[in-house]
Q: 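Structure provided below as structure tokens; questions to follow.
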2 protein chains.
Amino acid sequence: MERKENLYGVFENLLKIKNECSYEIFSECGISDITVKQIEYLKTIDEHGKLTFTGLAQITKNSKPTITEMINKFVKMECAYREKSAEDGRIYYICLTEKGQMIARSEKYALMKLIERISDVLEATEMETLIRILKKIK
Amino acid sequence: MERKENLYGVFENLLKIKNECSYEIFSECGISDITVKQIEYLKTIDEHGKLTFTGLAQITKNSKPTITEMINKFVKMECAYREKSAEDGRIYYICLTEKGQMIARSEKYALMKLIERISDVLEATEMETLIRILKKIK
DNA sequence: ATATGTTAGGTTAATGCTAACTAATTAAAG
DNA sequence: CTTTAATTAGTTAGCATTAACCTAACATAT
């Protein structure tokens, strides 16, 4: 019982650190009032790479004007930009800026920062023990 | 280098499990389209215990009508209810239903579920090793 | 008289839509 | 092989809905 409480405590601490790392990433990007929806869009764009407006509309099941509006917002926020297709003059690809990528990947980067911090503190053998134990959880 | 990647993998897995637990909690409550703001309000109410409308307005720095409106929503969602003060007939306390508490504490409960799952799988000695190692992270 | 909560009647911003448009490309017909 | 017609990509204009706020005015209780 007490073991569980202790474990709860240490995990709570780890999650707190991870959240701080997340917060840092958003601060660095100078973005404070982004919405959950917008982060979702950025993730979708990031995952699919070069997407067209029509493509993003289909994936997110929205109309094309909705996508235009969203991308215009992202351009203003310096999170995305348009890249004209060389083959077809009607097509524009949606590309993420570094800032846009940071936000899209903020979860990943926060976890990476946490891992960095863990590996700074632990010995090699401890790292291995940790991995061995935690691999058991499915 | 490889150790870090492995550790990233196992933590990613743990977080995924925790997210599933979170999702389960919201599903059990039958609530799908709650907003981030609303969860924040529920957390504030939960943390402060019996709060009045004026009290919640002060804490959240909103006007009283805003609070009335929000609580009305919560009542419809079966997350909160009013409790009339016995001493002062003007005062109503804001109380959370079980559902409201579940949502306010969803993070905690999800973490608890995760710990439960961990302790199901690990031996006592492994639990202790895990705690000892993770306590080093500050 | 004053404090508590409610009602009425707003605002702003996010997120979505349809219809109509321009520009570019492709297909068809002469 | 042009020239025209149809199609496709993205944009603009204009509108609807909802969340989350507000002030002013109110009823009720102290």
Side-chain angles (χ1 to χ4, degrees), chain A residues 26 29-45 48-96 100 103-104, chain B residues 26 29 31-46 48-96 100 103-104:
Chain A
F26 281 90
C29 290
I31 282 180
S32 53
D33 49 356
I34 193 165
T35 69
V36 177
K37 283 266 168 184
Q38 285 173 343
I39 296 172
E40 260 174 51
Y41 276 104
L42 289 177
K43 277 185 185 166
T44 304
I45 297 166
H48 285 80
K50 277 191 172 182
L51 260 181
T52 64
F53 284 73
T54 303
L56 187 55
Q58 284 168 351
I59 289 168
T60 62
K61 284 165 189 161
N62 285 128
S63 67
K64 287 190 291 172
T66 298
I67 303 302
T68 297
E69 198 178 358
M70 189 54 79
I71 299 304
N72 284 342
K73 261 184 209 162
F74 285 151
V75 171
K76 267 186 204 154
M77 293 159 78
E78 295 179 315
C79 286
Y81 60 92
R82 287 168 173 79
E83 193 177 272
K84 193 165 187 167
S85 164
E87 301 93 53
D88 190 332
R90 294 169 302 179
I91 292 174
Y92 288 84
Y93 294 108
I94 303 161
C95 302
L96 294 188
I103 294 165
Chain B
F26 281 89
C29 290
I31 281 179
S32 54
D33 50 357
I34 194 166
T35 68
V36 177
K37 283 264 167 184
Q38 286 173 343
I39 296 173
E40 261 173 50
Y41 276 102
L42 289 177
K43 277 185 186 166
T44 304
I45 297 165
D46 189 47
H48 286 79
K50 277 189 171 184
L51 261 179
T52 64
F53 284 74
T54 303
L56 186 55
Q58 285 168 349
I59 289 168
T60 62
K61 285 165 189 162
N62 285 128
S63 67
K64 289 190 288 171
T66 298
I67 304 302
T68 298
E69 196 177 2
M70 190 54 82
I71 301 302
N72 285 342
K73 260 184 213 164
F74 285 150
V75 170
K76 268 187 203 155
M77 293 160 73
E78 294 178 314
C79 286
Y81 60 94
R82 288 167 172 79
E83 193 177 271
K84 193 165 187 165
S85 166
E87 301 94 53
D88 190 331
R90 293 170 301 180
I91 291 174
Y92 288 85
Y93 294 108
I94 302 162
C95 302
L96 294 189
I103 295 165

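If you're wondering where the values come from, they're calculated on a predicted model, not measured in any experiment. Throughout, a chain's letter reflects where its sequence line sits, starting with A, and its residues are numbered from 1.
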Q: Any side-chain N or O of B:Arg82 less than 4.0 Å from the OP1 or OP2 oxygen of C:dT6?
A: yes
Q: Answer yes or no: is there a side-chain heavy-atom contact under 4.5 Å between A:Ile91 and A:Arg82?
A: no
Q: Is there side-chain contact between A:Ile94 and A:Tyr41, with at least one heavy-atom pair below 4.5 Å?
A: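 Side chain of A:Ile94 against side chain of A:Tyr41, heavy atoms only: no contact under 4.5 Å found.
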Q: Using whole Å, report how far CD1 of B:Ile91 lies from P of D:dT30.
A: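 The answer, rounded to whole Å, is 9 Å.
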Q: Would you indicate whether B:Glu78, at its atom CD, is surrounded by more than 12 heavy atoms from other residues, nucleotides or ligands within a distance under 6.0 Å?
A: no
Q: CZ of A:Phe53 versus P of D:dT12: gap in Å, rounded?
A: 10 Å
Q: Under 4.0 Å: is that the gap between some side-chain N or O of B:Thr68 and OP1 or OP2 of C:dT6?
A: yes
Q: Show each protein N/O and nucleotides 24-26 of chain C N/O combination with a separation under 3.5 Å, one pair to a line.
A:
{"residue": "C:dA24", "atom": "O3'", "partner": "A:Gly89", "partner atom": "N", "Å": "3.2"}
{"residue": "C:dT25", "atom": "OP1", "partner": "A:Gly89", "partner atom": "N", "Å": "2.5"}

Q: A:Thr54 side chain N/O closer than 4.0 Å to the phosphate oxygens (OP1, OP2) of D:dG10?
A: yes
Q: For each nucleotide in nucleotides 13-21 of chain C, reading 5' to 3', give B when a protein heavy atom comes within less than 4.0 Å of its base, S when such contact involves only the sugar-phosphate, and - otherwise.
A: -SBBBBB--
Q: A:Ile34 versus A:Leu42: any side-chain heavy-atom pair under 4.5 Å?
A: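 Touching, per the 4.5 Å side-chain cut-off.
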Q: Got A:Thr60 and A:Thr66 here, is their nearest side-chain heavy-atom distance under 4.5 Å?
A: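 Contact flag for A:Thr60/A:Thr66 side chains = no.
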Q: Any heavy-atom pair between the side chains of A:Ser85 and A:Thr52 that's under 4.5 Å?
A: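 A side-chain contact under 4.5 Å is absent here.
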Q: With side chain to side chain contact (heavy atoms under 4.5 Å, CB included) as the criterion, how do B:Phe74 and B:Ile103 come out once you've worked through the C-alpha distance, each side chain's angles and the decisive distance to 0.1 Å?
A: CA-CA 12 Å; B:Phe74 285 150; B:Ile103 295 165; over 6 Å; no
Q: Would you give the length of the straight line joining atom CD1 of B:Ile45 to atom CD1 of B:Ile67, rounded to the nearest 0.5 angstrom?
A: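 B:Ile45 CD1 to B:Ile67 CD1: 8.0 Å, rounded to 0.5 Å.
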Q: How many whole angstroms separate atom OH of A:Tyr92 from atom P of C:dA23?
A: 11 Å
Q: Report the distance from atom CD1 of B:Ile71 to atom P of D:dA20, rounded to the nearest whole Å.
A: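 Taking CD1 of B:Ile71 and P of D:dA20, I get 12 Å after rounding.
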